[in-house]
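I have placed the structure first, in the form of structure tokens, so that the comments after it can refer back to it.
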Amino acid sequence: MRVLITGGAGFIGSHVADQLADAGDEVVVLDTLLSTAHASAAPPDYTSRHRFVRGDLTDAGEVAALLDGVDAVCHQAAVVGHGVDPSDAPSYALNNDYGTAVLLAAMHAAGIRKLVLASSMVVYGEGRYSCPRHGVVPPEPRRQSDVDAGRFEPTCGCGAELEWQLVPESAPLLPRSTYAATKLAQEHLAGAWARQTGGTVWALRYHNVYGPRMPKNTPYAGVASLFRSALERGEAPTVLEDGRQQRDFVHVQDVARANVLALRADGPRGDLTPLNVCSGEPHTVGDLAGELARACGGPAPRIVGGARPADVRHVVADPALARKTLGFRAETAFADGIAAFATAPLRAPVDA
């Protein structure tokens with residue numbers, strides 16, 4: 001199988017490329033090496049085993065040329081993360097949404113009907129909650145006065161504190177950040193393409209991915225990278241709220257394997273199938289900071305309260321559908337993965 005991987009020099013895409021190549025598949029890597037994620041205009045050494053093209057996904061001619069002989073596309077290219085502020089919006093929309101539209105048009109022209117799309121848990125916004133009186137309900141909007149007072153748990157309209165539940169793929173999609181809005185737009189664009197062409201789309205909604213090759217020292221990196229960067233400076237990881245916000249941390253090798261399974265699986269034609277890609281083991285952000293601090297031999301985390309705009313309290317995934325449709329189960333235990341991450345190679349610091 002010949003696979004085009006967009007963003008194939010990045011954190012997740014590079015691991016997908018390696019796993020495919022290890023299995024004997026042919027990989028073509030397209031990456032623009034954005035300065036927000038890569039410190040150098042030169043491709044990372046780990047891409048040397050693949051055919052690498054530095055190019056822009058928004059260049060229709062370049063994308064079309066790379067699709068010759070390709071059997072499937074694994075679309076990882078995106079501006080990711082919480083970002084800085086709304087001034088990031090044009091970059092997110094250009095790279096994530098317009099770039100996706102260019103890719104889909106080129107795939108249609110080339111007759112390619114198989115797409116694996118890197119989506120994200122952020123499309124859900126807040127997670128799933130249950131009120132003891134009213135059952136499953138959306139949480140009340142987070143009030144700044146509650147955050148300032150250290151009240152972080154979401155409440156029902158009746159005033160009761162809610163309990164978090166596993167989030168299924170059928171949950172309402174309510175993006176709360178610019179990044180989240182563009183990831184949902186990618187799903188909508190890919191779904192429309194599938195219905196128009198009879199193509200297959202697996203939209204893999206990644207949860208909190210960590211592991212080797214994460215970028216360092218950038219607001220577009222995941223929280224695990226930010227914590228490790230602080231520890232390498234001899235500083236305590238800074239944890240917002242009370243540290244008890246629940247997430248699902250999943251190792252990048254498991255995420256890459258989910259991509260490979262999706263590339264090989266015959267999904268429903270003419271539609272988009274979303275799947276949670278997660279470990280199935282919820283942990284708090286405080287757990288992550290504490291485990292990583294111990295593994296690095298650094299200072300204990302510092303719990304500081306507060307919250308960033310658009311932060312959510314609990315997002316914990318239901319892994320059942322990915323297990324049923326792809327046979328995917330995460331294999332890396334949390335403690336083992338974090339211990340390895342403490343010394344794993346990360347990408348060079350970025351001047352963000």
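The chain is numbered in sequence order, starting from 1.
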Tell me whether [Y] is reachable from [X] by hopping between hydrophobic residues (I, L, V, M, F, W, Y) whose side-chain heavy atoms are closer than 4.5 Å.
X    : Y    : answer
V16  : V80  : no
I112 : V260 : no
V316 : V122 : no
L288 : L346 : yes

Of all residues at least two apart in sequence or in a different chain, which pass the side-chain contact (heavy atoms from CB on, under 4.5 Å) check with P168?
-> R128, S170, A171

Among all residues two or more places apart in sequence or in another chain, which pass the side-chain contact (heavy atoms from CB on, under 4.5 Å) test with A322?
-> L275, F328

Kindly give the heavy-atom pair with the smallest separation between [X] and [Y], and that separation in Å.
X    : Y    : value
A21  : R49  : CB-NH2, 3.5 Å
G211 : V252 : CA-CG1, 4.0 Å
R2   : D68  : NH1-O, 2.9 Å
S87  : P90  : O-CD, 3.4 Å
A258 : V277 : CB-CG1, 3.9 Å
L184 : V123 : N-CG1, 3.8 Å

Among V63, L94, V102, find the residue that satisfies the side-chain contact (heavy atoms from CB on, under 4.5 Å) test when tested with L57.
->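 Exactly one candidate clears the test, V63.
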
The residue among L104, L263, T200, L272 that forms side-chain contact (heavy atoms from CB on, under 4.5 Å) with L115 is L104

Quick check: does any side chain N or O of [X] sit under 3.5 Å from a backbone N or O of [Y], one acting as donor and the other as acceptor?
X    : Y    : answer
H15  : R257 : no
N276 : A317 : no
D31  : A9   : yes
T47  : P44  : yes
T332 : H251 : no
S225 : P215 : yes
N95  : V79  : no
D254 : E331 : yes
N96  : Y179 : no
R54  : T32  : yes

Within 6.0 angstrom of D45 CG, more than 12 heavy atoms from elsewhere =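 Atom CG in D45 is not crowded, with 12 or fewer foreign heavy atoms closer than 6.0 Å.
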
Counting only heavy atoms not in Y46, do more than 12 fall under 6.0 Å of its OH?
-> yes

Should H283 and F249 be marked as a ring pair (Phe, Tyr, Trp, His ring centres under 6.0 Å) after you check the CA-CA gap, both sets of side-chain angles, and the distance that decides it?
-> CA-CA 7 Å; H283 291 275; F249 299 100; 7.2 Å; no

Can [X] and [Y] be counted as having a side-chain donor-acceptor contact under 3.5 angstrom?
X    : Y    : value
T155 : E161 : no
H75  : T100 : yes
D248 : S279 : yes
N259 : Q76  : yes
R302 : T238 : yes
Y124 : E169 : no

Could you tell me whether the side chain of [Y] reaches within less than 4.5 Å of the side chain of [X], counting heavy atoms only?
X    : Y    : value
E62  : V53  : yes
L33  : S40  : no
C158 : C131 : yes
L67  : L4   : yes
L204 : V116 : yes
L226 : P237 : no
N208 : M121 : yes
R264 : L20  : yes

Looking at [atom1] of [X] and [atom2] of [Y], how far apart are the two atoms once the value is rounded to the nearest 0.5 Å?
X    : Y    : atom1 : atom2 : answer
R205 : L117 : CZ    : CG    : 10.0 Å
L66  : D59  : CG    : CG    : 9.5 Å
D271 : W202 : CG    : CH2   : 10.5 Å
Q253 : Q19  : CD    : CD    : 5.0 Å
S130 : W164 : OG    : CH2   : 12.5 Å
K183 : L173 : NZ    : CG    : 13.5 Å

So V73 and M107, side-chain contact (heavy atoms from CB on, under 4.5 Å) or not? Walk me through it.
-> CA-CA 8 Å; V73 174; M107 289 177 64; 3.8 Å; yes

Taking 4.0 angstrom as the limit, do [X] and [Y] come out as a salt bridge?
X    : Y    : result
E241 : R244 : no
R213 : D18  : yes
R313 : E153 : yes

Please write out which residues are connected to V147 in a hydrophobic cluster, directly or through intermediates, given that two of Ile, Leu, Val, Met, Phe, Trp, Tyr count as joined at side-chain heavy-atom separations below 4.5 angstrom.
-> F152

Transitive ILVMFWY cluster of L240 at side-chain heavy atoms under 4.5 Å: who else is in it?
-> V304

If a pair satisfies ring pair (Phe, Tyr, Trp, His ring centres under 6.0 Å) and one of its residues is in residues 224-243, list it, with sequence neighbours excluded.
-> none

Just do the side-chain contact (heavy atoms from CB on, under 4.5 Å) check on V27 and I5 with the steps written out, would you?
-> CA-CA 7 Å; V27 173; I5 304 180; 3.8 Å; yes

What's the verdict on side-chain contact (heavy atoms from CB on, under 4.5 Å) for T273 and V201, showing C-alpha distance, side-chain angles and the deciding distance?
-> CA-CA 6 Å; T273 304; V201 181; over 6 Å; no

May I have the step-by-step check of side-chain contact (heavy atoms from CB on, under 4.5 Å) for V28 and H50, ending in yes or no?
-> CA-CA 6 Å; V28 180; H50 312 299; over 6 Å; no

Selection residues 223-236 - residue pairs positive for salt bridge (Lys or Arg N to Asp or Glu O under 4.0 Å), sequence neighbours left out | K216-E232, R228-E232, R233-E235

